[in-house]
Amino acid sequence: MSMLSLQNVSKQFGETRIIRDVSLDIEPGERHAIIGPNGAGKSTLFHLISGKYQPTAGKILFRDNEIQGKTPFAIARLGLARSFQVTNIFPRLSVFENIRCGLLWKEGFGYSFWHLLGRQKELNDKALALLVEIGLADRAEFPAGELAYAQQRALELGIAIASGAELIMLDEPVAGMSHSEAENAVALIRKITEGKTLVMVEHDMNIVFDVADRISVLVYGEIIASDTPAAIRANPRVQEAYLGEVPEAATDTSSGQNPEGVDGA
Amino acid sequence: MLEVFIFSTLNGLVTGLLLFMLASGLTLIFSMMGVLNFAHASFYMLGAYFAYSISLHLGFWMGLIFAPLIVGILGAVVERFALRRVHAHGHVAELVFTFGLAFLIEEAVQFFWGPDTKNYQSPDILDFPLFTLFGQEFSAYRGFMIAISVGIFIGLYYVLTRSRIGIIIQAAITHPHTVANLGHNVPFIFMGVFGVGTALAGVAGVIAGPVLTTFPGMAVVLGSIVFVIVVIGGLGSLGGAFIASLLIGLLQSYAIASNVGMPDLLNLVGLEFSRDHPLTDLWTLTLPQIAPILPFLLLVLVLIFRPTGIAGKREQ
Amino acid sequence: MKTLAKKSAIWLAYLGVLLGLPLLFDSILAITIFNQMAIAIIFALSYNMLLGQGGMLSFGHAVYFGLGGFMAVHTLVMIEYETVYFSIIYIPLIGGLIGLLAAVFIGSFSTHKAGTVFAMISLGIGELVAASSLIFVSFFGGEAGVNADRTYGPAFFGIEFFQDSEIYYLGAAWVFIATLFMYLFTQTPAGRMANAVRDNPERAEFIGYSARRVRFISFCAAGFFAGIAGGLFALNYEFITEENLNAVTSGRVLLMAYIGGLGYFIGPIIGAVILTLMNSLLSNYTELWMLYLGIMFVLTVLFLPRGFAGFIMMHRTAWIRGKLGSLLLPYLITGLPALVFAIAGVAMIEMLHHEGEVFHFLGIPLESANLSHWLMCTVLAAIAYLGCKRSLPQLREAWESANAIDEAGEEREAS
Ligand SMILES: Nc1ncnc2c1ncn2[C@@H]1O[C@H](COP(=O)(O)OP(=O)(O)OP(=O)(O)O)[C@@H](O)[C@H]1O
Ligand SMILES: [Mg+2]
């Protein structure tokens with residue numbers, strides 16, 4: 001059983017085909033990176049898997065459940081969590097509340113209006129522990145919208161990983177972070193995804209080749225290669241289409257901040 | 001039967017076109033600022049009152065010229081000094097502000113003109129029957145209302161689609177930053193559009209005042225219906241607003257003129273109910289009775305089944 | 001996070017105020033006003049569950065208040081004829097259940113979206129219900145409304161609720177309970193997720209919550225408490241009319257919540273108190289109180305976007321730093337001319353209103369025909385305006401130094 005399986009998935013916006021017949025299998029426990037030039041459709045692929053968009057054609061299986069056409073919340077409840085390329089947090093809630101909200105469903109609170117959150121010691125301890133891990137413990141009571149950019153990125157990551165989902169999908173998690181912040185974040189990602197499955201979009205090639213077990217290369221909506229890092233490095237098609245630029249791309253951590261971020265709310 | 005139909009159609013047309021004059025300004029303002037102006041009908045009311053005051057001294061025609069001007073300037077001032085400021089606090093604040101403004105204008109009108117109905121008259125030269133059909137007269141003033149409305153619609157259409165200004169406005173609505181980069185003063189354009197939109201409402205007030213009576217509640221009466229129209233028509237769509245205006249105008253006019261009610265309907269299927277049944281109000285309902293509800297019923301149904309309205313664009 | 005003891009103290013103080021008020025002010029007028037306040041507080045708090053906490057701008061919240069109230073009056077009638085027989089202290093609960101029922105029905109389709117669509121549906125439903133209420137005369141009683149008598153049914157520990165003061169204590173009890181439960185709601189997962197959905201409905205869906213369901217729950221709760229307020233209204237006035245479920249009432253509750261401050265739990269309480277006071281006291285002094293209310297509302301939206309509660313909370317930082325005192329003098333220096341300006345303005349408005357007659361304004365006889373009175377007011381207003389303008393920079397400076405950032409990033413406002 002694969003954790004996630006895409007079968008001939010396509011997505012069209014009007015006439016333009018953004019995702020073309022993508023098939024991909026991701027095994028349990030795998031750390032999978034998706035790379036590709038700007039505008040290749042990586043975020044769109046994430047949106048298709050997580051239910052924000054519906055595929056025009058094809059099937060998406062998550063642990064053998066067909067999830068295409070399901071709502072984002074139904075998919076999230078099955079155990080799929082994701083982060084966003086453009087920061088997508090709850091700006092007026094405190095940092096602590098942001099994390100706690102990320103935990104609520106997994107901890108079984110549902111839509112309860114008979115539990116008092118202040119009394120849920122276990123829940124609150126978990127949220128606090130996670131805050132410490134993402135380095136925001138001293139900002140716990142801050143409104144999330146007033147955090148500095150890098151801190152918001154950390155929070156974005158925190159909300160996604162809070163639920164302890166089986167499959168975690170991160171869209172450029174360290175874009176815009178300083179070198180040391182990015183290092184911390186990567187260490188955290190490694191730790192938190194221990195024993196879980198990770199799918200990550202990242203432009204920083206050092207991180208990609210460091211973290212990933214397998215890499216897929218998406219160019220113009222098509223996966224042109226999906227293999228181990230070593231094989232990807234050696235793949236002539238990839239080199240031609242994309243990796244020719246590795247030396248530059250490796251230092252290019254800011255490219256994720258394209259101002260026209262189509263993933264924005 | 002035919003005469004009822006023809007006259008209902010004509011009256012519906014008058015109402016519908018009048019509604020469109022309000023709805024067009026509201027739609028323009030919505031496309032521009034993304035916010036529904038609750039006070040729009042209040043500017044319509046101001047138009048009627050200013051025109052009334054002017055007409056007392058200078059006659060109807062001067063009112064028709066100057067009242068919309070004053071209203072438009074007032075609108076521009078409101079945009080420049082208040083709305084722009086509230087804009088920073090988000091859409092809810094804007095909506096709430098215009099809501100408060102509507103409230104304030106109603107109170108101000110009562111303060112300056114008093115709570116009673118004003119005797120605002122249509123001009124004497126238009127006080128003759130335009131034509132007589134089946135023994136019923138259709139007044140020249142109503143014909144004049146139709147002419148003005150259609151004239152404005154054509155003018156607006158022409159300005160927006162053909163003229164340079166119109167093209168800049170349309171571009172400013174969809175791509176404000178690009179237009180600003182091209183060296184146009186976008187805030188000024190917005191202020192202008194707001195002024196023109198409110199002035200259009202003013203014109204509607206000037207010509208509707210003599211027919212629909214000029215009193216402090218006239219904004220409330222029309223206000224929510226105009227809202228209904230721009231929503232049913234599809235927010236931001238002028239064409240949709242036009243169709244919806246006529247639709248609502250005709251619908252109400254037919255409903256009022258018709259004589260059908262639940263009793264007829266029940267008789268038709270061979271049912272009869274005693275008068276003192278607890279649900280008697282329901283069994284004796286007639287179409288003219290529910291005419292005022294129809295627009296709102298339509299609104300709720302449209303919003304549930306087609307939230308983008310008749311001509312609304314794809315959801316974002 | 002405050003300690004339990006501190007929180008309990010606040011609630012005890014609230015209870016104390018509720019119970020103690022009629023001892024301090026025991027005139028009939030005062031009791032009448034307190035009763036109105038009680039109703040307004042519950043209603044405004046329930047409204048804030050929608051707008052402040054759930055991000056749903058409603059123009060038709062009076063529907064749930066009114067339907068609850070109408071059913072409550074009809075229940076009172078049934079108690080009178082002994083169709084049903086229970087103490088009238090439970091009447092607000094009947095109102096609440098009807099409000100809930102209506103909210104379940106209407107919320108099932110209206111909470112699909114927030115924003116403009118929700119606002120428009122609420123407007124449409126509000127108009128629809130208000131217009132229908134004039135058609136269905138047997139239930140709503142047409143323009144005259146329906147009335148009842150609250151003194152039937154079994155007495156509650158010997159109390160038969162003949163007097164307004166007895167109703168006051170009943171109302172106070174309901175206010176306390178309703179406030180407590182509405183507060184507790186904000187502390188539950190459903191309440192917290194309502195905030196999350198308000199802030200960012202999209203993200204809420206990706207952490208497992210249906211934004212629509214979350215809104216629906218808040219909507220139902222708001223309908224329930226609005227119905228309770230309606231029931232209390234029915235008990236207090238012993239009648240109810242179409243006006244209590246139409247756009248005027250819906251608008252008034254929006255005003256209360258907004259003026260009080262949407263972002264704070266106590267905001268609507270402050271708003272309810274201010275508006276009730278204006279409504280009952282100001283209307284004794286001037287026929288123009290609605291105009292002043294409108295001016296105040298527009299000014300609040302323009303200059304105090306977080307309402308009165310927000311204005312008070314703005315001073316938290318200064319207070320914590322112990323620098324509140326340094327603001328006192330600058331406030332006085334700017335505030336006094338501002339007050340004079342307002343008074344002169346009001347005097348002129350009143351002069352316009354009382355055209356051709358002498359009237360007393362703050363004990364001074366004024367007359368619109370007297371040019372010197374106009375001159376006096378204009379000069380006063382001009383001087384006050386200048387005084388205000390000149391002293392404003394000083395106030396700003398004092399404000400900035402009182403709130404100056406000591407440690408980077410420490411400065412913030414509570415939300
Ligand atoms: N909702 C949409 N409607 C129309 N076109 C869209 C939409 N969303 C994305 N696109 C287009 O799809 C293409 C792929 O966008 P996507 O955001 O998936 O790229 P990406 O690989 O994530 O790029 P980046 O590295 O810059 O984040 C872009 O050309 C974009 O303009
Ligand atoms: Mg992307």
Side-chain angles (χ1 to χ4, degrees), chain B residues 30 34-36 38 81-82 85-86 88-108 110-112 220 223-225 227-228 230-232 235 276-282 285 289-290 292-305 307-308 315, chain C residues 51-52 55-57 59 106 109-110 112-132 134-140 142 247-248 251-252 254-255 257-259 262 287-303 305-306 349 352-353:
Chain B
F30 176 82
V35 109
L36 279 166
F38 240 105
F81 293 102
R85 190 189 172 97
V86 183
H89 305 312
H91 278 347
V92 169
E94 279 177 300
L95 207 53
V96 169
F97 170 77
T98 60
F99 177 80
L101 189 64
F103 182 89
L104 183 59
I105 291 180
E106 187 177 328
E107 292 305 320
Q110 295 205 37
F111 172 69
F112 286 109
V220 178
S224 26
I225 300 208
F227 252 64
V228 170
V230 294
V231 176
I232 292 181
L235 284 170
D276 38 71
H277 191 275
L279 285 177
T280 175
D281 292 325
L282 194 58
L285 218 53
Q289 249 183 319
I290 61 166
I293 318 185
L294 287 177
F296 302 106
L297 202 61
L298 205 61
L299 169 75
V300 174
L301 292 178
V302 164
L303 282 175
I304 294 170
F305 295 109
T308 49
E315 269 181 73
Chain C
L51 181 52
M56 289 172 272
L57 174 59
F59 292 110
I106 293 168
F109 55 83
S110 74
H112 198 74
K113 291 251 167 63
T116 312
V117 173
F118 176 87
M120 290 305 108
I121 294 187
S122 74
L123 181 82
I125 302 262
E127 296 284 344
L128 211 57
V129 172
S132 310
L134 287 174
I135 296 173
F136 298 105
V137 179
S138 51
F139 185 82
F140 294 103
V248 175
R252 194 173 302 149
L254 164 62
L255 236 82
Y258 203 95
I259 288 183
L262 298 171
E287 293 164 0
L288 296 177
W289 71 276
M290 293 271 276
L291 178 69
Y292 299 129
L293 184 63
I295 295 176
M296 187 176 99
F297 182 42
V298 167
L299 289 181
T300 309
V301 183
L302 278 176
F303 298 104
R306 288 150 171 263
I349 292 177
L352 271 177
H353 182 62

- Tell me, for C/His112 versus chain B, whether the close heavy atoms (under 4.5 Å) come from the side chain, the backbone, both or neither. neither

- Sequence neighbours excluded, the answer for side chain to side chain donor-acceptor pair (under 3.5 Å) partners of B/Gln110 is none

- What residue, out of C/Leu254, C/Val117, C/Thr300, C/Leu134, has the most heavy-atom pairs lying under 4.5 Å from chain B? C/Leu254

- Note on the structure: Looking only at B/Leu298, B/Leu299, B/Ile105, B/Ile293, the option with the highest number of non-hydrogen pairs under 4.5 Å against chain C is B/Ile293

Atom pairs and distances, side-chain donor-acceptor, residues 119-130 of chain C, under 3.5 Å, sequence neighbours left out:
unit_1, atom_1, unit_2, atom_2, d
C/Ser122, OG, C/Phe59, N, 2.8
C/Ser122, OG, C/Ala119, O, 2.7

- Message: Within the structure provided, determine whether B/Leu104 and C/Leu291 are in side-chain contact (heavy-atom separation under 4.5 Å).
- Response: yes

- Heavy-atom pair count under 4.5 Å with chain C, highest-scoring of B/Val86, B/Leu36, B/Leu95: B/Leu95

- Message: Are B/Phe112 and C/Leu352 packed together at the side-chain level, in the sense that at least one heavy-atom pair is separated by less than 4.5 angstrom?
- Response: yes

- Note on the structure: Looking only at B/Val92, B/Leu294, B/Leu297, most heavy-atom pairs under 4.5 Å shared with chain C are made by B/Leu297

- B/Phe111 portion near chain C, given a 4.5 angstrom heavy-atom threshold: side chain

- Item | B/Phe103 side chain near C/Met290 side chain, heavy-atom distance below 4.5 Å | yes

- Go through the steps for B/Val300 and C/Phe109 under the test side-chain contact (heavy atoms from CB on, under 4.5 Å), then give the verdict. CA-CA 10 Å; B/Val300 174; C/Phe109 55 83; 4.0 Å; yes

- What are the two closest non-hydrogen atoms of C/Tyr258 and B/Ala93, and how far apart are they? OH-CB, 3.5 Å

- Could you tell me which portion of B/Phe305 (side chain, backbone, both or neither) has an atom closer than 4.5 angstrom to a non-hydrogen atom of chain C? neither

- Message: Between C/Leu288 and chain B, with a heavy-atom cut-off of 4.5 Å, which part of the residue counts as in contact: side chain, backbone, both or neither?
- Response: side chain

- Mind checking the OH-CD spacing from C/Tyr292 to B/Glu107? Nearest 0.5 Å is all I need. 11.5 Å

- Which portion of C/Ser132 sits near chain B, non-hydrogen atoms under 4.5 angstrom: both

